[in-house]
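A, B, ... follow the sequence lines: proteins, then strands. Residue 1 opens every chain.
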Protein chains: 2
Amino acid sequence: MTERFIQSIVRAADVLELFLSAHQELSVKEISEKLGLSKSTVHGIIKTLEFRGYLQQNPDDLKYRLGMKLFELGNRVSQQFDIGKIARPVIKELVEKLKETVHLVMFERGEVIYIEKLDGPHALRIYSQVGKRAPIHCTGVGKAILAFQAEKEQEQLLAGEMETFTEYTMTNKEEIKKQLESIRKQGYAIDDEEIELGLKCVAAPIFDHKGKVIGAISCAAPKMRINEQRLKTVIKGVKQAANQISQSMGYKDVLVHI
Amino acid sequence: MTERFIQSIVRAADVLELFLSAHQELSVKEISEKLGLSKSTVHGIIKTLEFRGYLQQNPDDLKYRLGMKLFELGNRVSQQFDIGKIARPVIKELVEKLKETVHLVMFERGEVIYIEKLDGPHALRIYSQVGKRAPIHCTGVGKAILAFQAEKEQEQLLAGEMETFTEYTMTNKEEIKKQLESIRKQGYAIDDEEIELGLKCVAAPIFDHKGKVIGAISCAAPKMRINEQRLKTVIKGVKQAANQISQSMGYKDVLVHI
DNA sequence: TTCGATGTTCGATATTATCGAATGTTATTC
DNA sequence: GAATAACATTCGATAATATCGAACATCGAA
């Protein structure tokens with residue numbers, strides 16, 4: 001037998017995570033349908049989660065939504081990565097310099113997750129949300145991270161099906177691996193409309209004290225605002241900022257990555 | 001039989017919440033001792049939680065810490081209360097006016113929970129943390145909220161044992177209820193060293209569109225900085241800001257509260 | 001190398017989560 | 001305002017499953 005996970009905990013997680021996609025409020029019926037479980041089973045799970053503050057019921061329509069306990073726990077997690085604290089001032093400076101939105105992401109379970117963001121002054125902005133995830137094969141930050149993973153992990157991460165978002169999304173494994181090589185040489189990655197038309201990003205990796213890639217920062221802007229001329233400035237700024245963060249994290253060598 | 005909660009979910013919650021108090025990393029053994037469960041039981045729970053991203057194991061010492069999924073869910077919860085969004089600019093203005101730290105809290109399960117805070121410019125600051133909880137009987141925000149609860153809820157909330165923090169902490173139910181009455185009349189609450197010596201707070205309640213108290217804001221400062229003279233300014237500022245937030249939440253009547 | 005301490009797996013067992021049916025509850029329709 | 005409908009919630013029997021203790025694995029320290 002493989003691993004023996006505890007069914008009801010897995011199901012409780014299923015319930016909670018339903019709320020991550022789209023709907024803010026869900027009824028017992030909706031949940032039981034989506035999960036293919038009986039109403040009474042779902043009811044038991046929900047009432048337990050509510051009892052502990054992981055869900056809360058809206059007394060008006062009897063529907064449920066995520067509870068405060070998750071907010072509490074989530075904040076505790078934030079405290080765990082000092083990377084946020086370290087990066088914040090650097091990001092702020094970079095935004096002021098480039099006048100564009102800057103993101104900080106961490107690598108987690110084959111995806112990137114947005115930890116911090118600071119919008120630039122332009123009205124035309126990238127929509128993004130702290131706490132959200134994004135794929136690794138078609139984002140600047142994802143590729144910046146991927147490029148500095150060990151060969152074995154790279155293989156693994158590129159093994160599954162890759163989703164296509166735009167006509168520019170690369171899904172060919174070999175093609176991507178080739179690009180990763182130049183990213184590794186140059187120290188930055190570019191996403192040119194690979195996840196969303198009109199969106200261009202410049203990203204650079206962040207290393208921890210052991211020299212492991214743990215995240216990345218990126219400057220994201222409408223393609224038209226990152227022209228030939230500005231590109232150099234942006235690349236330089238992003239790389240410098242990323243290096244500064246790595247250094248603060250205790251990273252010693254700026255050259256040897258793997 | 002009372003309610004039939006699902007044991008393993010309750011236990012999973014127990015595990016997660018151990019991480020809220022003090023320790024960032026816990027071993028299987030520590031958890032099993034703290035919860036009085038067998039190592040193997042705890043192991044099963046932990047592995048399930050890890051599988052789903054609610055815990056993650058440190059490969060160096062095999063200990064566990066809270067996982068990214070909680071960060072994700074926590075952020076989703078943040079999006080749920082627009083009160084944060086609405087209150088932020090009002091709070092910012094108030095901090096600039098009073099030059100003191102301002103907190104926004106919500107009422108949740110018999111306690112207040114810090115949703116938002118903005119520090120004033122002084123070096124001598126109140127230590128506080130978004131996501132933390134505080135008791136209701138000895139904080140400005142707590143009393144401001146309590147005062148506008150229905151009689152029945154008040155009774156319930158004051159029923160249990162009340163913890164003593166300083167020599168000024170009130171734990172006598174009748175005494176507190178008397179104070180609540182004047183808070184209700186005046187529209188603001190004061191905490192004068194009731195939870196921590198040297199700390200003084202002025203708080204005012206926030207109501208939702210139905211006229212229900214849902215939270216409060218407070219100005220917190222070292223007692224010496226809120227003297228007789230400044231007190232009036234602070235009270236006025238806090239009340240105004242709270243009213244403004246309530247109004248934005250759709251609250252109509254500034255007079256009738258219950 | 002041995003020992004000790006802790007993490008992990010395994011199998012038998014009794015506990016417990018599960019389902020379907022029955023019962024409440026609330027809103028809606030005529 | 002009764003009747004219906006659409007849920008949420010409770011209940012009880014049953015089979016599934018979480019639990020525990022013991023055995024095993026792994027890692028560091030002596």
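Not a single ring pair (Phe, Tyr, Trp, His ring centres under 6.0 Å) links Tyr188(B) to another residue, sequence neighbours left out. For Arg11(B), the side-chain hydrogen bond (donor to acceptor under 3.5 Å, both in side chains) test picks out no residue, with sequence neighbours left out.
Of the side-chain N and O atoms in Gln7(B), none sit less than 4.0 angstrom from OP1 or OP2 of dA18(D). Remark: Arg11(A) is in phosphate contact with dT18(C), judged by side-chain N or O atoms under 4.0 Å from OP1 or OP2.
One can place CD of Glu25(A) at 15 Å from P of dC7(D), the figure rounded to the nearest angstrom. If you take CZ of Phe5(A) and C1' of dT19(D), they are 17 Å apart, rounded to a whole angstrom. Taking atom CG of residue Leu37(A) and atom P of nucleotide dT17(D), one finds them 12 Å apart after rounding to whole Å. In this entry the distance linking CG of Leu55(A) with P of dT9(D) reads 12 Å, nearest Å. Taking atom CD1 of Ile45(A) as the reference point, atom P of dT17(D) lies 12 Å away to the nearest angstrom. Between the C1' atom of dT17(D) and the CD1 atom of Ile6(B) lies a distance of 13 Å, rounded to the nearest Å.
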With 3.5 Å as the limit, what N/O pairs link the protein to nucleotides 5-8 of chain C?
unit_1, atom_1, unit_2, atom_2, d
dG7(C), OP1, Val28(B), N, 3.2
dG7(C), OP2, Lys29(B), N, 3.0
dG7(C), N7, Lys39(B), NZ, 3.1
dG7(C), O6, Lys39(B), NZ, 3.4
dT8(C), OP1, Gln57(B), NE2, 3.3
dT8(C), OP2, His43(B), NE2, 3.2
dT8(C), OP2, Tyr64(B), OH, 3.0
dT8(C), O5', His43(B), NE2, 3.2

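Here Ser8(B) lies in heavy-atom contact (under 4.0 Å) with sugar-phosphate atoms only.
Comment: Arg52(A) engages Glu17(B) in a salt bridge, judged by a side-chain N to carboxylate O separation of less than 4.0 angstrom.
Between Gln179(A) and Lys143(A), the side chains place a donor N or O and an acceptor N or O closer than 3.5 Å (distance only, hydrogens not considered). Looking only at atom types and distance, the side chain of Thr171(A) has no donor-acceptor partner in the side chain of Thr164(A) under 3.5 Å away.
The side-chain heavy atoms of Val105(A) and Ile115(A), taken from C-beta on, include no pair separated by under 4.5 Å.
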